[in-house]
**Student:** 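Take this structure, written in structure tokens, and hold onto it; I'll ask about it next.
In this text the structure is predicted, and so the values were computed from the model without any measurement. Every chain is numbered from 1, with letters handed out A, B, ... down the list of sequences.
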Amino acid sequence: DAGVIQSPRHEVTEMGQEVTLRCKPISGHDYLFWYRQTMMRGLELLIYFNNNVPIDDSGMPEDRFSAKMPNASFSTLKIQPSEPRDSAVYFCASSPDRGRQPQHFGDGTRLSIL
Amino acid sequence: GESVGLHLPTLSVQEGDNSIINCAYSNSASDYFIWYKQESGKGPQFIIDIRSNMDKRQGQRVTVLLNKTVKHLSLQIAATQPGDSAVYFCAENGANAGGTSYGKLTFGQGTILTVHP
């Protein structure tokens with residue numbers, strides 16, 4: 001079975017540009033999570049969705065970040081405008097259950113903002 | 001200037017030895033715990049989980065122990081192999097005193113495991 005699929009795997013862009021990260025969760029998983037991983041802060045939850053509806057976005061750093069889930073098989077995380085401090089690895093994960101089943105992670109998008 | 005990052009605990013073992021990775025969690029009401037393995041350039045990979053009504057669970061070559069009294073979790077890897085070299089994370093699913101799940105995982109900082117042939 002296909003796991004969580006993220007694209008692109010790597011993104012390098014100049015500050016001020018819009019960045020869009022994409023995620024396809026595992027089919028049948030009702031929960032989708034976006035994380036950011038940095039050396040400074042480790043793995044942080046940004047936002048999560050249940051049945052395509054955002055449930056908790058308290059981890060979203062600021063208004064430059066937005067996430068959508070237009071349907072059960074696709075989600076985006078957008079940064080506009082991007083800044084060098086946004087450089088990190090962004091992971092998407094999905095789960096069939098809220099908090100009592102393992103989340104399954106994609107291989108991430110390594111984002112570098114110059 | 002020099003950047004300061006997380007200083008992850010490290011564990012170095014010889015191939016064939018048993019490894020024990022420890023984790024302290026923060027929320028006494030947490031009811032579900034997971035261990036993940038993360039290799040370079042990849043996302044965290046599920047290893048094993050345990051619910052708070054258990055104190056031990058075994059998988060293939062791995063065992064997770066949960067001590068709720070001291071809020072401590074450990075991962076034991078038997079006959080460690082070079083392919084086990086990775087960063088290992090524990091994660092807890094928090095809940096409030098009434099048992100309602102927060103629905104999201106909080107990850108530890110991770111432990112770097114290095115296995116020498």
Side-chain angles (χ1 to χ4, degrees), chain A residues 2-7 9-10 21 23-26 29-51 53-60 84-85 87-110, chain B residues 1-9 23 25-27 29-54 57 59 62 64 75 86-96 98-112:
Chain A
V4 175
I5 300 172
Q6 293 187 245
S7 65
R9 289 299 315 277
H10 304 274
L21 311 181
C23 175
K24 176 179 169 56
I26 293 171
H29 283 192
D30 294 334
Y31 289 84
L32 183 140
F33 305 81
W34 281 101
Y35 290 88
R36 177 172 68 176
Q37 187 175 43
T38 63
M39 286 300 296
M40 292 289 292
R41 301 173 68 90
L43 197 60
E44 304 173 277
L45 177 66
L46 301 177
I47 184 171
Y48 80 92
F49 295 82
N50 175 217
N51 291 326
V53 176
I55 302 300
D56 185 344
D57 66 354
S58 59
M60 295 287 260
R85 60 192 168 119
S87 298
V89 182
Y90 290 81
F91 289 103
C92 177
S94 70
S95 171
D97 182 79
R98 178 189 179 199
R100 294 190 176 93
Q101 292 273 349
Q103 295 178 18
H104 298 271
F105 284 75
D107 281 337
T109 296
R110 182 172 293 276
Chain B
E2 183 177 352
S3 64
V4 177
L6 295 170
H7 293 284
L8 302 184
C23 178
Y25 63 92
S26 56
N27 185 348
S30 291
D31 59 0
Y32 177 65
F33 305 86
I34 308 177
W35 280 100
Y36 285 93
K37 171 187 180 183
Q38 188 176 20
E39 297 174 283
S40 180
K42 295 190 174 182
Q45 177 187 2
F46 168 74
I47 301 173
I48 192 168
D49 58 0
I50 189 168
R51 298 181 190 275
S52 59
N53 60 352
M54 302 171 69
R57 190 166 187 220
V62 294
V64 55
L75 177 70
V87 179
Y88 288 80
F89 293 94
C90 65
E92 63 180 297
N93 174 57
N96 62 24
T100 301
S101 167
Y102 293 148
K104 53 188 181 182
L105 297 176
T106 301
F107 284 80
Q109 294 186 351
T111 296
I112 301 172

**Student:** Pick one of side chain, backbone, both or neither for A/Gln101, based on which atoms fall under 4.5 Å of a heavy atom in chain B.
**Tutor:**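 For A/Gln101, backbone and side chain are both near chain B.
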**Student:** Looking at A/Arg110, A/His104, A/Gln37, which makes the most heavy-atom pairs under 4.5 Å with chain B?
**Tutor:** A/Gln37
**Student:** If you round to the nearest 0.5 Å, how far is OG of A/Ser95 from CG of B/Asn93?
**Tutor:** 9.5 Å
**Student:** Below 4.5 Å from any heavy atom of chain B, which atoms of A/Asn50 appear? Answer side chain, backbone, both or neither.
**Tutor:**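 Neither; nothing under 4.5 Å.
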**Student:** Determine whether a donor-acceptor pair (N or O, by modelled atom type, separation under 3.5 Å) exists between the side chain of B/Arg51 and the backbone of A/Arg100.
**Tutor:**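 The answer is yes, because a donor-acceptor pair under 3.5 Å joins these two groups.
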**Student:** Given that the side chain runs from C-beta out, which part of B/Phe33 has a heavy atom under 4.5 Å from chain A: side chain, backbone, both or neither?
**Tutor:** neither
**Student:** Determine the minimum heavy-atom distance between B/Gln38 and A/Phe91, stating which atoms define it.
**Tutor:** NE2-CZ, 3.3 Å
**Student:** Could you look at B/Leu105 and say if it's the side chain, the backbone, both or neither that has a heavy atom under 4.5 Å from chain A?
**Tutor:** both
**Student:** Answer with side chain, backbone, both or neither: which region of A/Gln103 has an atom nearer than 4.5 Å to a non-hydrogen atom of chain B?
**Tutor:**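 A/Gln103 touches chain B through backbone and side-chain heavy atoms alike.
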**Student:** Quick one: what part of A/Tyr31 sits under 4.5 Å from any heavy atom of chain B, side chain, backbone, both or neither?
**Tutor:**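 Interface part for A/Tyr31: neither.
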**Student:** What residues of residues 43-50 of chain B sit under 4.5 Å from chain A when only non-hydrogen atoms are counted?
**Tutor:** B/Gly43, B/Pro44, B/Phe46, B/Asp49
